Amino acid sequence: MATEGEGPCLVLAGPGSGKTRTLVYRVAYLLSQKVSPSEVLLLTFTNKAAREMLRRVELLCGRYPAGLVGGTFHHMGNISLRRYAEEIGYNRTFSILDRGDSKDFISEALEGARFSKERYFPKADILADIIGFATNSGRQIGPVIESQYPYLVKFTSEIERIAVLYQQKKRAANVMDYDDLLSNWLQIFYLSPSAREFYQAKFRYILVDEYQDTNRLQFETLKVLAEKHRNITVVGDDAQSIYSFRAAELKNVLDFPKAFPGTKIFRLETNYRSVPEILRLANESIKNNQNQFPKTLRSIKESGSKPLLISTENGFGEARHVARRILEMVSENEPLSDVAVLFRARYQATELEMELTGRGIPYIVRGGMRFYEQAHVKDILSYLKVLVNDRDEIAWRRIFLQVEGIGPGYFRRLWEKAGKSERPLHAFLEPKILAGLPARSQQPLKNLQTLFSELLREDFANKPASLIKRILDSDYRSYCLATYPDGPERILEIEELSKIATVFDSTERFLSETIMGEEYKGESFLFGGSDEKEYLTLSTIHQAKGLEWKTVFIIGLVDGRFPHAKAIQNEEGLEEERRLFYVASTRAKTNLYLVQPIIEYGWGCPKLQGLPNNRGSNIIQRLSPFVQELPEDCYQKAEKLGTTP
DNA sequence: TTCCAGACGTTTTTT
DNA sequence: ACGTCTGGAA
């Protein structure tokens with residue numbers, strides 16, 4: 001099997017066919033052949049998947065494979081750039097912009113550019129999408145707008161200018177966004193022969209999971225990395241390609257044998273996960289896609305029960321029904337960790353969350369807000385960021401906007417003076433820099449200066465935990481309490497953050513691992529990981545990729561929500577939505593519940609808000625076409641359920 | 001310039 | 001029900 005040979009290897013595999021196991025065995029096999037763990041590169045889609053894989057390798061080998069490198073492409077890009085950033089004109093202390101930061105940065109570039117005041121010029125959000133898509137697909141802005149955003153063609157030259165400006169600003173601030181972690185990583189290979197040779201020599205074996213979701217940049221990177229040894233194994237399933245919005249290209253699968261002549265192709269069509277009834281439904285569904293390599297999964301499991309279609313009156317009924325069914329399972333001693341509720345879009349979880357909270361069912365939401373994306377976490381991290389990289393304009397901005405009386409205008413003036421200096425941090429410590437700023441801001445700004453001169457002292461160097469405590473104890477605690485209604489909880493979270501930081505002996509590594517981490521708000525991160533309490537999982541389907549549960553609920557199976565109305569403007573979009581449905585249903589091992597709320601509340605008429613009879617319009621929703629198109633004998637129908645408790 | 005209140009339009013998916 | 005925009009007051 002794929003564990004034996006050398007050379008390029010493409011594994012086309014269905015869901016539940018042991019893709020991960022294949023990779024785990026291959027790693028274990030290599031290690032048993034005296035390959036050093038440091039010569040193996042494991043690229044997976046999420047950090048979690050990497051950790052899981054390493055855990056299983058450890059289990060198989062009986063020891064932890066020290067030196068084995070594994071993680072996401074972005075993670076590897078980050079590590080490589082920390083080493084070679086100078087080769088592309090960056091400093092290795094660069095900081096990483098999350099989605100919100102890059103949006104802010106683009107907005108600033110927009111203001112600086114002062115365009116013709118034409119109405120409906122796209123907002124920073126959309127600009128970030130366009131620029132990011134162009135980067136990830138390795139294409140120019142122009143063609144991307146033409147094909148994906150035809151209605152914005154008239155703004156093309158201005159958008160191109162914004163993109164250039166954004167690029168310049170990032171460079172000046174020594175910051176990279178997520179896409180830069182990929183594109184700059186590739187850049188160092190093109191610009192630095194020594195970097196290229198180093199990595200080409202180092203990684204004798206490369207293994208890639210979820211290959212169907214790689215984009216052009218990642219494909220090019222793999223080509224470079226594997227050029228010397230050509231021992232590259234990629235594993236993927238075209239039917240599970242669900243990241244086209246991030247420029248994932250199925251073409252990478254088709255082109256793999258061309259890029260790596262001599263590729264051996266394997267197919268894994270046995271499904272070890274689900275009962276035949278669930279598999280039948282998934283097979284019947286995916287058949288409706290034109291663009292695919294047809295394959296039919298065979299189950300090795302014994303016959304179980306058919307998926308159950310449950311129609312409920314509305315969203316509340318849906319939530320109530322799911323919660324009640326889960327409580328039944330709990331009373332039958334089913335562990336909560338065996339159950340997941342999946343949905344298309346994150347907002348669909350809110351009604352269910354209320355219901356679960358009310359009934360005391362513990363849950364985590366994957367696909368909600370990230371831990372580090374919360375305002376208070378970003379506030380605190382900004383201080384650490386400028387200590388590591390004081391050219392980071394966007395972090396400075398965040399810090400100064402906390403000061404009363406300082407808004408974007410005053411910050412810009414400040415930055416015009418300090419940002420030009422060789423060491424902006426020292427420039428900010430000069431008393432004279434405060435001249436011309438509002439009187440009421442003077443004292444808080446002086447406090448800030450004192451704080452920073454203290455943080456610069458030797459005893460804080462590379463002690464992120466002490467830094468966080470000190471920052472919190474300055475004015476931030478009061479700021480937090482005054483700004484957020486849930487201030488006390490936020491402060492608790494910051495204290496937790498500082499506890500976690502104690503294990504880091506490098507502020508820089510603490511920062512990048514926190515920002516690149518994928519912990520969600522409320523996820524085990526805050527429980528220190530030791531608390532083995534049982535949780536129900538709520539997850540977007542995208543986040544559920546690669547995971548499995550005994551029981552899975554798919555909620556919101558309504559036309560317009562799933563498939564999402566915005567995603568089906570063309571046939572390709574509809575097919576990707578169907579693949580999403582395929583991914584969702586194949587997460588289930590034994591029980592699959594399809595849940596449909598029949599009536600959805602409209603938002604009501606805003607003008608009549610507060611009036612007794614303005615409850616919004618009730619709209620009767622059609623069942624999702626993905627269920628309608630299935631042969632009726634694929635699933636069972638539950639009796640119609642009302643909302644009475 | 002900042003800050004606040006009210007209006008408006010918006011809600012796909014992620015490293 | 002939430003962030004973003006707008007206009008007017010401080």
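None of the values given here were measured: they were computed from a predicted structure. Chain letters run A, B, ... following the sequence lines, proteins first and then strands; every chain starts at 1.
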Quiz item: Side chain of R413(A): nearest nucleotide among dT14(B), dT1(B), dT13(B)?
Solution: dT1(B)

Self-check item: Short side-chain N/O contact from K103(A) to OP1 or OP2 of dT4(C), under 4.0 Å
Solution: yes

Quiz item: Residues in ring pair (Phe, Tyr, Trp, His ring centres under 6.0 Å) with H542(A), at least two apart?
Solution: Y243(A), F245(A)

Quiz item: NA contact type, I406(A), heavy-atom cut-off 4.0 Å: base, sugar-phosphate, or nothing?
Solution: sugar-phosphate

Self-check item: Sugar-phosphate, base or nothing in reach of R561(A), heavy atoms under 4.0 Å
Solution: nothing

Self-check item: Length of the CD1-P vector between I126(A) and dT12(B), whole Å
Solution: 11 Å

Quiz prompt | Plane angle bin for F581(A) and F562(A) - parallel if under 30°, tilted between 30 and 60°, otherwise perpendicular | solution = perpendicular

Quiz item: According to the Watson-Crick and G-U wobble definition with distances under 3.5 Å, which dot-bracket string, read 5' to 3', encodes DNA chain B, using [ ] for crossing pairs and | for pairs with another strand?
Solution: |||||||||......

Quiz item: Do any N or O atoms from the side chain of R587(A) and from the backbone of L547(A) form a donor-acceptor pair under 3.5 angstrom?
Solution: yes

Practice problem: Would you kindly give the NZ-to-P distance between K123(A) and dT6(C), to the nearest whole Å? | Solution: 8 Å

Quiz item: Is NZ or CZ of K103(A) both nearer than 6.0 Å to the six-membered ring centre of F105(A) and within 45° of the ring axis?
Solution: no

Practice problem: Remember a base hit wins even if backbone is also touched, and classify Y410(A) as base, sugar-phosphate or nothing at under 4.0 Å, heavy atoms. | Solution: sugar-phosphate

Quiz item: Taking only N and O in the side chain of T540(A), is any of them less than 4.0 Å away from OP1 or OP2 of dT12(B)?
Solution: no

Exercise. Name the nucleic acid region contacted by F73(A), choosing base, sugar-phosphate or nothing; use a 4.0 angstrom heavy-atom cut-off, strictly under.
Key: nothing

Exercise. Identify whether any heavy atom of E576(A) sits under 4.0 Å from a base atom; if not, whether one sits that close to sugar-phosphate; answer base, sugar-phosphate or nothing.
Key: nothing

Quiz item: So Y199(A) and F189(A), would you call those rings parallel, tilted or perpendicular, with 30° and 60° as cut-offs?
Solution: perpendicular

Quiz item: Taking the nucleotide of DNA chain B with the closest heavy atom to each, which residue, P438(A) or H542(A), is nearer the 5' end?
Solution: P438(A)

Quiz item: Under 4.0 Å between a side-chain N/O of R346(A) and OP1 or OP2 of dT14(B), yes or no?
Solution: yes

Exercise. Kindly assign one of parallel, tilted or perpendicular to the pair Y476(A) and Y479(A), based on the angle between their ring planes and the thresholds 30° and 60°.
Key: tilted

